[in-house]
Amino acid sequence: MADRGEDEDLEMAIRMSMTPEPKRNKPRDEVAGVVSGFPEDSPESKTRRRELMAAAAEKRMATIVRVSPLSPAGNKGLKKGGEVARRVEELPLRDESLCKELSAEEANKLFVMVFGSEVSKDILAQWCNQGIRFSSDPETSMGLVQHEGGPCGVLATIQAFVLKYIIFFSNELSRVPQNRGLGVSSKSHSVPSYNISSLTEDVKVRALVRSMGEILFLCGSNKRAVIATLSIPGNDIQRFEGISEDEVVANSLKALSIESSLDLLKVLRVEIHTSEATALQRLEASIPLFQSRMGALLFLISALLSRGLDLVQSDRDDPSLPLVTAPFGHASQEIVNLLLCGQAVANVFDGRMDLGGGMFLKGISRNVEVGFLTLLESLNFCKVGQFLKTPKWPIWVVGSESHYTVLFALDPTVQNENELEGRETQIRKAFDAQDQSGGGGFISVEGFHQVVRETNIKLPQEKLDNLCSAGFIVWSEFWQVILDLDKSLGGLKDSSGLMGKKVFDLFHFNGIAKSDLNGSQVSFGGETPLQRPRLTKLSVSVPPRWTPEEFMADVQGPSVSGTSDSAGKDTEVSKPEPVQHAPLVDCVRTRWPRAVCNWSGDPPSIV
């Protein structure tokens, strides 16, 4: 063996791999020489050469990751690293990461998928001027602020996951995450904790990073996360001493304009990670970029690429439409569903709906971490299925006609069901499985008999014939029969009257700046409402699951004299509280029917 060490061999191999293939009329020894003392044409030399070339490629790729645009320590080598990346973009790293640029075809497909072939400058401006930033207002510091209309669907979904980590994983945010997987927590760490004033910037950033990582791996079927970043000429952080990274990134983006797929192609860079640890490290290093005005769009692109553009299109009912809807540039339901459940389906019901002739509509196919409620359900435009309505954690993205906000509880037991509530859920789920009307609330006679068999309901023949007489069964009529049917026959009538109402608190966060009359500041012209995100606490009470007639009779009936104190207390609990109404209450009632909500100050806004 020659006395050349292994490190020298590796350095030589690096030079070889970055040197163009020599012309055949030049002796190969001038370029490569002898490897480790073996004759050039020997099998040992060829094997050694292949090993060194592979090691050299891995070393160069690792260098590329370190010199990414937002790595303060690596910007000096950015230009050279970018050139190398284009030549070896398909070679795997030991940490299973890849760096690549999109082809012109991929960039065009991505741009048209998101914005369509014709998009207004106003919509592009909305999506190119929204960062993922926390509120500077102390009372809403846990919330992401929205400045532009449009990207609220992306921000609200990220916000829902951020709240999950802040409330239910707070212990893990204060230390190095253990290798349990994103979103997985032991029971001892599921204790709700929520104190806005105690949230440090580090804790909020960790919650954001873990939320983004979980969503991207969810989109990538828990196999990969694709992180989209920007490569901008002159973006050298080391040139700006004494200036924050946020300012450096903002300065670098001043001249950036995205008006076509060509503009996207020039600056977009993507990294593919199969390791959660390296993905989280990369996301944390890229936070200044995601906080910049391009942040929301970059995260949407990351999610789409994590899923895969072809799979995204196959998820959709109509892939010809853009994901960002005209004319106002709102995020479509497909975007929200992609971030919530990892699939860009257009509907919110469970499973899929068979339309006949081999055609069907796709809905939600799995349990979710955080859920979704919508005002449109209260208006009978759609039906949200149990997967989205009853998520693992009591956090919901709330949709209105034009905006997305977030509803959440600090106590996970708000979703716990008593015996009769569980029975109702079982019956409703069986009914919805037979409902092919798109949430219209009616099923065929054949489907009805299937529901009765599955749920073990023993209807008297007279009531069975009456329900089936029209040729179809409407949920509201069926539900009234179930409420009047005794428990012993599979119904929900509770003659004991032991079903007490629920009382709990919910919180609603709207990230778009709103006038807050309760937080007004004094000026010479009088009080001026503050413009800031809105956090509203709602006190919720859900009355017993009796029939409307029984409920109203109990509310209106006078209390019986001579009853015990405890009985008097029960009677008092059944009285309705002062009614406050806002569109959000209609959304809450799609989850907790007949819920009564109360709040202090301005009504919560979902627009």
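Please read these numbers as outputs of a predicted model, since none were measured by experiment.
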Look up atom [atom1] in [X] and atom [atom2] in [Y], then write down how far apart they are to the nearest 0.5 Å.
X    : Y    : atom1 : atom2 : value
S302 : L268 : OG    : CG    : 8.0 Å
D317 : K362 : CG    : NZ    : 6.5 Å
R269 : E101 : CZ    : CD    : 4.0 Å
L208 : I287 : CG    : CD1   : 4.5 Å
I227 : L289 : CD1   : CG    : 11.0 Å
L339 : L304 : CG    : CG    : 8.0 Å

Item to check | side chain to side chain contact (heavy atoms under 4.5 Å, CB included) partners of D318, counting only residues at least two apart | outcome: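 Listed in chain order: S320, L321.
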Checklist entry - Should the pair R210 and Y165 be classed as cation-pi, given the thresholds of under 6.0 Å to the six-membered ring centre and 45° from the axis? => result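 Judged by the rule, R210 and Y165 form no cation-pi pair.
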Next on the checklist: Run the side-chain contact (heavy atoms from CB on, under 4.5 Å) test on F408 and L506 for me, step by step, so that the C-alpha distance in whole Å, both residues' side-chain angles and the decisive distance to 0.1 Å come before the verdict.
Outcome noted: CA-CA 6 Å; F408 62 98; L506 293 175; over 6 Å; no
Are the side chains of [X] and [Y] in touch, meaning some heavy atoms are under 4.5 Å apart?
X    : Y    : answer
V119 : V324 : no
I158 : V154 : yes
H508 : L538 : yes
R316 : M113 : yes
Q580 : N598 : yes
E334 : V312 : no
V226 : L216 : no
L361 : L355 : yes

Next on the checklist: Ring-plane angle category for Y404 and F372, please: parallel below 30°, perpendicular beyond 60°, tilted otherwise.
Outcome noted: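 The rings of Y404 and F372 sit tilted, inter-plane angle from 30° to 60°.
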Next on the checklist: Which label fits F504 and W592: parallel for a plane angle under 30°, tilted from 30 to 60°, or perpendicular past 60°?
Outcome noted: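 Rings of F504 and W592: tilted, as their planes differ by 30° to 60°.
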Checklist entry - Can D137 and S135 be counted as having a side-chain donor-acceptor contact under 3.5 angstrom? => result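 Result is no, nothing qualifies.
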Looking at [X] and [Y], what are the two nearest heavy atoms and their distance?
X    : Y    : answer
V397 : A156 : CG2-O, 3.9 Å
F509 : G143 : CZ-CA, 3.4 Å
P533 : T140 : O-CG2, 3.6 Å
C99  : E271 : SG-CG, 4.1 Å
T536 : R534 : OG1-CG, 3.7 Å
C587 : L373 : O-CD1, 4.0 Å

Can you tell whether the side chains of [X] and [Y] come within less than 4.0 Å, N to carboxylate O?
X    : Y    : result
R307 : D315 : yes
D505 : K537 : yes
K389 : D350 : no
E106 : K109 : no

Looking at [X] and [Y], would you say the former's side chain and the latter's main chain have a donor-acceptor pair under 3.5 Å?
X    : Y    : result
D354 : F360 : no
T405 : N510 : no
K164 : S211 : no
R594 : V542 : no
W393 : L163 : no
T413 : N416 : no
R366 : C341 : yes
R589 : A595 : yes
D435 : F431 : no

Item to check | Option from V336, N337, V370, V406 for which side-chain contact (heavy atoms from CB on, under 4.5 Å) with T157 holds | outcome: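 Looking at V336, N337, V370, V406, the match for T157 under the side-chain contact (heavy atoms from CB on, under 4.5 Å) is V336.
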Checklist entry - In chain order, what residues pass the side chain to side chain donor-acceptor pair (under 3.5 Å) check against S365, with sequence neighbours excluded? => result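 Here the qualifying residues are Q343.
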Next on the checklist: For a side-chain contact (heavy atoms from CB on, under 4.5 Å) check, start with the C-alpha distance between L375 and F381, then their side-chain angles and the critical distance, and finish with the verdict.
Outcome noted: CA-CA 9 Å; L375 181 65; F381 285 116; over 6 Å; no
Next on the checklist: Could you go through L110 and S261, starting from their C-alpha distance and side-chain angles, then the distance that decides it, and tell me whether this counts as side-chain contact (heavy atoms from CB on, under 4.5 Å)?
Outcome noted: CA-CA 8 Å; L110 174 63; S261 61; over 6 Å; no
Next on the checklist: With side-chain contact (heavy atoms from CB on, under 4.5 Å) as the criterion, how do K383 and E377 come out once you've worked through the C-alpha distance, each side chain's angles and the decisive distance to 0.1 Å?
Outcome noted: CA-CA 5 Å; K383 173 65 179 176; E377 180 174 4; 3.3 Å; yes
Item to check | ring pair (Phe, Tyr, Trp, His ring centres under 6.0 Å) partners of residues 318-340, not counting sequence neighbours, each pair once | outcome: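 Output for this query lists F328-H330.
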